[in-house]
Engineer: 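Provided herewith is a single structure, encoded as structure tokens, for subsequent inquiry.
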There are 2 protein chains.
Amino acid sequence: MACVDFVRVERARQALPDDATVRTLADTLKALGDPTRLQIVIALATEGVGELCVCDLAALVGVSESAVSHSLRTLRHLRLVRYRKTGKIAYYALDDVHVGRLVTEGLQHVEEAP
Amino acid sequence: MACVDFVRVERARQALPDDATVRTLADTLKALGDPTRLQIVIALATEGVGELCVCDLAALVGVSESAVSHSLRTLRHLRLVRYRKTGKIAYYALDDVHVGRLVTEGLQHVEEAP
DNA sequence: CCAACGTCTGAGCAGTCGTTCAGGCATCTG
DNA sequence: CAGATGCCTGAACGACTGCTCAGACGTTGG
């Protein structure tokens, strides 16, 4: 306990966002930390794809439409995706550009050679 | 099931990374999806901070040193942080630049006005 | 109007996660 | 050497998560 560098700790503490922001960001990243939801987001981030309906996403990711719907609800509540409904079909798309960039940055990290 | 747009689905499927990459990226994002680990990474990403030891991080985040150590192990195994040991003190830092940029991009998304 | 369709939802279960607790290993100090 | 310090680790417990299942809702086509 005695080895704490108070100067640096204080500097880091002031740079930390408030708790609410940290928690929201954590929730967002946690949502993207599930393979099903991550594939959904990557698919929607693909250039030339644009919108996909629940059926499309279920077929693409390879899970039930119910599971996709649950996943989409999570992504919706975090404002990672938005949807447009025409008749009985719901078309989903990414909500804002940061999401796509975030995933891209993540992929660059993962694909770096060890 | 009949509403699937095979053209778009196929286009999206070919853009999807292989399963191993998706899983690794998901694991990485899930790791950042925990408030404790996220605060550690944000702290280490703060300009002018550089390195912090386990004590510092425990004091900063407000959890036990054991919990920090467990969290750091997870981050280490995913190559999100690296450490340097001098004597009995272990100094942790971010492993590569993408991690900091990823968190920054995430913060920009969260701090956007609704 | 009725049946089929696309989607959404709540409950429940198996699996996972983060923390605490107790203890172990090096390293430094007196 | 003996104790203290900084850090790491495995086990275990409560909390949470993502899926399946069954059913409900609104829309569309015959």
Side-chain angles (χ1 to χ4, degrees), chain A residues 1-6 8-9 19 22-23 26-41 44 51-78 80-93, chain B residues 1-6 8-9 19 22-23 26-41 44 51-78 80-93:
Chain A
M1 235 351 179
C3 82
V4 178
D5 183 338
F6 289 103
R8 264 199 285 209
V9 168
D19 272 20
V22 169
R23 203 161 321 151
D27 288 344
T28 302
L29 294 169
K30 195 193 304 180
L32 295 172
D34 172 65
T36 297
R37 289 191 294 258
L38 181 56
Q39 287 184 86
I40 290 175
V41 170
L44 295 177
E51 295 178 324
L52 291 173
C53 70
V54 179
C55 273
D56 292 341
L57 290 166
L60 175 61
V61 179
V63 301
S64 73
E65 299 173 19
S66 177
V68 169
S69 190
H70 278 292
S71 293
L72 285 170
R73 173 161 56 164
T74 302
L75 296 174
R76 233 165 40 217
H77 288 163
L78 290 164
L80 291 171
V81 303
R82 60 179 156 72
Y83 76 113
R84 167 179 73 86
K85 204 158 187 176
T86 67
K88 42 184 177 175
I89 300 185
Y91 292 99
Y92 280 84
Chain B
M1 234 353 180
C3 81
V4 178
D5 183 336
F6 289 103
R8 263 199 285 210
V9 169
D19 273 19
V22 169
R23 203 161 320 154
D27 288 342
T28 301
L29 294 169
K30 194 194 304 179
L32 294 172
D34 172 65
T36 297
R37 289 190 294 257
L38 181 57
Q39 285 185 86
I40 291 175
V41 170
L44 294 177
E51 295 179 323
L52 291 173
C53 71
V54 179
C55 273
D56 292 342
L57 291 166
L60 175 60
V61 179
V63 302
S64 73
E65 300 175 19
S66 176
V68 169
S69 192
H70 278 293
S71 293
L72 285 170
R73 174 162 54 165
T74 303
L75 296 174
R76 234 164 39 217
H77 288 164
L78 290 164
L80 291 171
V81 303
R82 61 179 154 72
Y83 75 115
R84 167 180 74 86
K85 203 159 187 175
T86 67
K88 42 184 180 175
I89 301 184
Y91 292 99
Y92 281 83

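Just so it is clear, the model here is predicted, and its values are computed rather than measured. In what follows, chains carry the letters A, B, and so on, assigned in the order in which the sequence lines appear, proteins first and then strands, with residues in each chain numbered from 1.
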Engineer: Would the number of heavy atoms belonging to other residues, nucleotides or ligands and lying under 6.0 Å from CZ of A:Arg23 be above 12?
Structural biologist: no

Engineer: Looking at A:Leu78 and A:Asp27, what are the two nearest heavy atoms and their distance?
Structural biologist: CD1-O, 3.7 Å

Engineer: Please report the distance, rounded to the nearest Å, between CD in B:Glu65 and C1' in D:dT9.
Structural biologist: 14 Å

Engineer: Any side-chain to backbone donor/acceptor pair from A:Ser69 onto A:Glu65? Under 3.5 Å, distance only.
Structural biologist: no

Engineer: Between P on C:dT7 and CD1 on A:Ile40, what's the gap in Å once rounded to a whole number?
Structural biologist: 12 Å

Engineer: Select base, sugar-phosphate, or nothing to describe what A:Lys30 touches, counting heavy atoms under 4.0 Å on all strands.
Structural biologist: sugar-phosphate

Engineer: With respect to the side chain of B:Asp34, which nucleotide from C:dG18, C:dT20, C:dC5 is positioned closest?
Structural biologist: C:dG18

Engineer: Is the base of D:dT9 touched by the side chain of B:Ser66 through a donor-acceptor pair closer than 3.5 angstrom?
Structural biologist: yes

Engineer: Using heavy atoms to find the nearest nucleotide of DNA chain C for B:Ala67 and A:Leu72 separately, return the residue whose nucleotide is more 5′.
Structural biologist: A:Leu72

Engineer: Starting at OH of A:Tyr91 and ending at C1' of C:dT7, how long is that distance when rounded to a whole Å?
Structural biologist: 13 Å

Engineer: Both B:Ser71 and A:Lys85 contact DNA chain C. Which one's nearest nucleotide lies toward the 5' end?
Structural biologist: A:Lys85

Engineer: Among B:Thr74, B:Val63, B:Leu75, find the residue that satisfies the side-chain contact (heavy atoms from CB on, under 4.5 Å) test when tested with B:Ile40.
Structural biologist: B:Leu75

Engineer: Could you give the CZ-to-C1' distance, from B:Arg23 to C:dT16, as a whole number of Å?
Structural biologist: 15 Å

Engineer: Separation of A:Leu78 atom CG from D:dT17 atom C1', in whole Å?
Structural biologist: 14 Å

Engineer: Regarding A:Tyr92, tell me which of base, sugar-phosphate or nothing describes its non-hydrogen contacts under 4.0 Å with the strands shown.
Structural biologist: sugar-phosphate

Engineer: Could you state the OH-P distance from B:Tyr83 to D:dC8, rounded to the nearest angstrom?
Structural biologist: 7 Å

Engineer: Rounded to the Å, how far apart are B:Arg73 CZ and D:dG6 P?
Structural biologist: 21 Å

Engineer: Of all the choices, D:dG18, C:dG6, D:dC8, which nucleotide is nearest to the side chain of A:Ile89 once you look at every atom?
Structural biologist: C:dG6

Engineer: Using whole Å, what does the distance between atom C1' of nucleotide C:dT16 and atom CZ of B:Arg37 come to?
Structural biologist: 12 Å

Engineer: Below the 4.0 Å mark, does D:dT9 have OP1 or OP2 next to a side-chain nitrogen or oxygen of B:Arg76?
Structural biologist: yes

Engineer: For B:His70 and C:dT19, are the ring centres under 5.5 Å apart with planes inclined under 30°?
Structural biologist: no

Engineer: Between A:Ser64 and D:dC21, does any side-chain N or O lie under 4.0 Å from OP1 or OP2?
Structural biologist: no

Engineer: Can you find a heavy atom in the side chain of A:Gln39 that is under 4.5 Å from one in the side chain of A:Leu60?
Structural biologist: no

